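The block underneath contains the structure these notes are about, expressed in structure tokens.
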Amino acid sequence: MPATTDRSADVIVVGAGPAGSVAAWELRQTGRDVLVLEKAAFPREKVCGDGLTPRGVKVLQDLGMDLSPEAGWVRHKGLRVHGGGVVTEVDWPRLQHWPHFSLVLRRSELDARLAAHAEAAGARVHTGITVTEPLLDDAGRVAGVHATGPDAEPQAWRAPLVVSAEGLSGRLAKSLGLVRREDRPLGVAVRRYVRSRRAADDYLDISFDLTPAGPSRDSMPGYGWIFGMGDGTANVGFGLLDTRRGTGADHRAVLRAWLDTFPAGEGLGEEDAVTPLRGAGLPMALNRGPAYTRGLLLAGDAAGTVNPFNGEGISYAMETGRMAASTAAEALDRPEGPAREAVLRSYPSRLRAAYGRHHRLGLGFLALLARPDVVRFTTAHGLTRPTVVGAALRLMGNLTDGRDGDAVDRAVAVLTRLAPAV
Ligand SMILES: Cc1cc2nc3c(=O)[nH]c(=O)nc-3n(C[C@H](O)[C@H](O)[C@H](O)COP(=O)(O)OP(=O)(O)OC[C@H]3O[C@@H](n4cnc5c(N)ncnc54)[C@H](O)[C@@H]3O)c2cc1C
């Protein structure tokens, strides 16, 4: 680790999850001096499904990472979708702009690799440093952060710009008055690893058969997953995509009821667990904003960038990490003052332009998912037609070639253009 005596940089990135490490890597591509402050030490656990859709794979390819099976990545060629007794396999679409495979890697490993990648690009990554609050100048503008190190000594770290990539907690954002919007969904997801017969599989299983425990067989607004980790274990969990819609459910009971829909002996149950059930929130649809204020840019979960259609957050964390970084770099190229500020203030609009319309459609999807009659009808009729499922997955996964694409992509592009941005 670099010496902690040099505590100033062009940009400080708080948090070395996917958003923070990719932001740091991107800043290094522009030649900027970057400090990354991370409270944990790698490898550290992050509660997650560990799945990277082709969208996430694309960022990792752009970063030039070794994504070979020899490097421990597990590839999947598509999704196996379960719902109402119907099971359909769909391959990832073959598109110009996106790879046609997904990847799985434990987050403990993924995040350690991304941080190492940023460090190899020249970022100064410090672990074991907990950022406690922003350091403000006399005008109330962010001039760095206060943090505590392993010896709990408070330290000031200085930079004209700070990227908050702290994840859901968003401590820095909160202390500058950027609170979570209550009118946007916050999901919740839980997962555990099991020793399973489904550990090696070409397809990722997802299922819309979640029901509350008890006599009601009504569907719940979310989905379950079984992702083979390729090491004898599978990551099994589920996400409820909108906690505003009465989902104070007993997670363990929901998981048990859902897993009971699979044949016995697959190695999916509690008796097969190799880790405890753990959960965390899914902040969606740009639910904290504006994503820039007074020298602080938000990226990833700190800005609430999880896709409301499917709870996917890693791709968006990495993409917004890059966007925050390029905005910061462009701003630093301008003289301090109004010209620089104008660039920084454009960042929230960049996020809305990139995701706002898709997220708006996602909010509509969540409203439908909350209606068991609609889910019953759609799974019974839609899942029997792989082309319909494929088209829906492109929309949900935000994976199309847009107007350059085929008829499905062009239809999705029209639909997305018609939706007002969130
Ligand atoms: C159960 C579950 C399953 C999921 N499955 C998937 C999936 O399969 N695929 C997918 O794409 N997404 C999934 N997600 C969402 C995904 O995990 C998140 O969207 C993603 O981790 C966001 O990345 P991030 O970099 O913004 O934040 P994080 O990954 O949360 O990283 C934040 C980092 O900041 C550090 N930090 C926090 N506070 C401080 C501080 N004060 N000082 C210093 N450091 C700090 C943390 O230690 C952490 O390293 C899942 C989420 C859950 C809960």
Side-chain angles (χ1 to χ4, degrees), residues 12-24 35-57 59 76 102-108 110-112 114-115 125-134 145-149 157 162-175 186-193 204 206 222-227 229 235-241 251 255 277-284 288 298-307 310-321 324 397-398:
I12 291 174
V13 176
V14 181
S21 291
V22 173
L35 273 166
V36 181
L37 305 180
E38 163 58 52
K39 68 178 176 186
F42 292 111
R44 59 106 177 85
E45 182 184 27
K46 163 73 181 91
V47 177
C48 188
D50 304 321
L52 283 148
T53 67
R55 203 171 173 107
V57 176
V59 182
H76 295 93
S102 49
L103 290 171
V104 160
L105 185 70
R106 276 192 194 226
R107 284 293 299 278
S108 50
L110 172 71
D111 291 18
L114 285 172
V125 180
H126 293 271
T127 55
I129 306 282
T130 302
V131 170
T132 51
E133 57 181 341
V145 295
H146 291 288
T148 53
W157 300 73
V162 173
V163 174
S164 162
E166 298 155 89
L168 181 63
S169 75
R171 185 196 291 215
L172 283 178
K174 264 191 257 172
S175 65
L186 175 73
V188 66
V190 298
R191 68 93 173 98
R192 70 178 168 225
Y193 294 98
L204 298 165
I206 62 167
Y223 70 92
W225 69 81
I226 303 166
F227 294 170
M229 301 302 298
N235 182 322
V236 175
F238 70 87
L240 296 174
L241 297 174
H251 293 157
L255 185 66
L277 190 65
R278 295 232 157 91
L282 298 169
M284 297 178 182
R288 195 194 304 275
L298 311 184
D301 277 12
T305 56
V306 170
N307 177 353
N310 61 5
E312 174 189 4
I314 306 172
S315 322
Y316 299 94
M318 296 193 294
E319 288 180 7
T320 55
N398 206 357

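One is the number of the first residue; the rest follow in order along the sequence. Just so you know, ligand 1 is whichever comes first in the structure, and atom 1 is the first atom listed for that ligand. Heavy-atom basis, side chains included; hydrogens, waters and symmetry copies ignored. This one's a predicted model, so the numbers in the text were calculated from it and none came from an experiment.
The protein atom (non-hydrogen) at minimum distance from atom 26 (O) of ligand 1 is D301 N, 2.8 Å. Nearest to atom 12 (N) of ligand 1 among the protein's heavy atoms is G313 N, 3.0 Å. At the shortest separation from atom 40 (C) of ligand 1 among protein heavy atoms lies V131 N, 3.8 Å. K46 CE, 4.1 Å is the protein heavy atom nearest to atom 28 (P) of ligand 1. Remark: minimum distance from atom 27 (O) of ligand 1 to any protein heavy atom is reached at G167 CA, 3.5 Å. With respect to atom 37 (C) of ligand 1, the closest heavy atom belonging to the protein is E166 O, 3.2 Å. Looking only at protein heavy atoms, the nearest one to atom 45 (C) of ligand 1 is K39 CG, 3.7 Å. Scanning all protein heavy atoms for the shortest distance to atom 3 (C) of ligand 1 gives G49 N, 3.0 Å.
Annotation for ligand 1: atoms under 4.0 Å from non-hydrogen atoms of G17 are 25 (O), 31 (O), 33 (C), 49 (O). Every atom of ligand 1 is numbered from 1 in the order shown, and the set under 4.0 Å from a heavy atom of P18 is 23 (O), 25 (O), 29 (O). Ligand-side atoms of ligand 1 in range of A19: 25 (O), 26 (O), range being under 4.0 angstrom from any heavy atom. The ligand atoms of ligand 1 that sit less than 4.0 angstrom from a heavy atom of I314 are 9 (N), 10 (C), 11 (O), 12 (N). Close contacts of ligand 1 with I129, meaning ligand atoms under 4.0 Å from a residue heavy atom, involve 42 (N), 43 (C). Numbered from 1 in the order shown, with element, the atoms of ligand 1 that lie under 4.0 Å from a heavy atom of T130 read 42 (N). Here is the list of ligand 1 atoms found below 4.0 Å of a heavy atom in W225: 3 (C). Within ligand 1, the atoms closer than 4.0 Å to a non-hydrogen atom of D50 are 8 (O), numbered from 1 in the order shown.
For atom 9 (N) of ligand 1, the candidate residues are G279, G51, G300; the nearest heavy-atom contact is made by G51. Of the listed options L282, L114, T53, L282 places a heavy atom closest to atom 51 (C) of ligand 1. The option with the heavy atom closest to atom 6 (C) of ligand 1, from among C48, G15, A16, is C48.
By the side-chain hydrogen bond (donor to acceptor under 3.5 Å, both in side chains) test, E38 is found to be paired with no residue, residues two or more places apart in sequence or in another chain being considered. Taking the ring-ring contact (aromatic ring centres under 6.0 Å, His included) definition, one finds that Y193 meets it with nothing, sequence neighbours left out.
Nearest heavy atom pair, residue R55 against residue Y316, reads CD-OH, 3.6 Å. T130 and R171 make their closest contact through CG2-NH2, 4.3 Å (heavy atoms, listed as atom of the first residue, atom of the second, distance). Summarising the geometry of V57 relative to S102, their closest heavy-atom pair is CG2-CA, 4.1 Å, with the distance given to 0.1 Å.
In this structure, the side chain of R288 does not engage the main chain of A173 through any donor-acceptor pair within 3.5 Å. Formation of a donor-acceptor pair under 3.5 Å by the D111 side chain with backbone atoms of G17 is not found in this model. Listed for the N235 side chain is no donor-acceptor partner under 3.5 Å among the backbone atoms of M229. Looking only at distances, no side-chain donor or acceptor of S21 sits under 3.5 Å from a matching main-chain atom of P18. Between the side chain of T320 and the main chain of G300, a donor-acceptor pair closer than 3.5 Å is present. Looking at D50, its side chain never comes within 3.5 Å of a backbone N or O of V104 through a donor-acceptor pair.
Contacts of L37 with ligand 1, taken as heavy-atom pairs under 4.0 Å, involve the backbone alone. Here A147 has no heavy atoms under 4.0 Å from ligand 1, in either its backbone or its side chain. No part of Y316 comes within 4.0 Å of ligand 1, judged by heavy-atom distances. Residue contacts with ligand 1 for R278 are absent, since no atom lies close enough (heavy atoms, distance under 4.0 Å). Under 4.0 angstrom from ligand 1, the non-hydrogen atoms of A317 all belong to its side chain. Contact annotation for T305 and ligand 1: no heavy atom of the residue comes within less than 4.0 Å of the ligand. At a heavy-atom distance under 4.0 Å, only side-chain atoms of V306, from C-beta outward, approach ligand 1.
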Using side-chain contact (heavy atoms from CB on, under 4.5 Å), reason through T305 and E319 one step at a time and then give a plain yes or no. CA-CA 10 Å; T305 56; E319 288 180 7; over 6 Å; no
I would like to know whether V14 and I12 meet side-chain contact (heavy atoms from CB on, under 4.5 Å); could you show each step before the answer? CA-CA 6 Å; V14 181; I12 291 174; 4.1 Å; yes
Could you walk me through whether L52 and V59 pass the side-chain contact (heavy atoms from CB on, under 4.5 Å) test, one step at a time? CA-CA 10 Å; L52 283 148; V59 182; over 6 Å; no
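Checked by distance only, ligand 1 and R191 stay at 3.5 Å or farther apart across all their nitrogen or oxygen atoms. Considering both main-chain and side-chain atoms, R107 comes within under 3.5 Å of ligand 1 through a nitrogen or oxygen pair. The shortest N or O to N or O distance between A299 and ligand 1 is not below 3.5 Å. In terms of polar-atom proximity, defined here as any N/O pair under 3.5 Å, S315 makes no such contact with ligand 1. Taking distance alone, with nitrogen or oxygen atoms compared against 3.5 Å, A280 stays at or beyond that limit from ligand 1. Here's the thing with E38: one of its N/O atoms is less than 3.5 angstrom from an N/O atom of ligand 1.
F42 is listed as a side-chain neighbour of T127, based on a closest heavy-atom distance under 4.5 Å.
Remark: of the listed residues T148, V145, L37, L37 is the sole one forming a side chain to side chain contact (heavy atoms under 4.5 Å, CB included) with I129.
Between K39 and E166, none of the side-chain N atoms (NZ, or NE/NH1/NH2) sits under 4.0 Å from a carboxylate O, so this pair counts as no salt bridge.
Side-chain contact check for E133 and S175: no donor-acceptor pair (N or O, by modelled atom type) lies under 3.5 Å.
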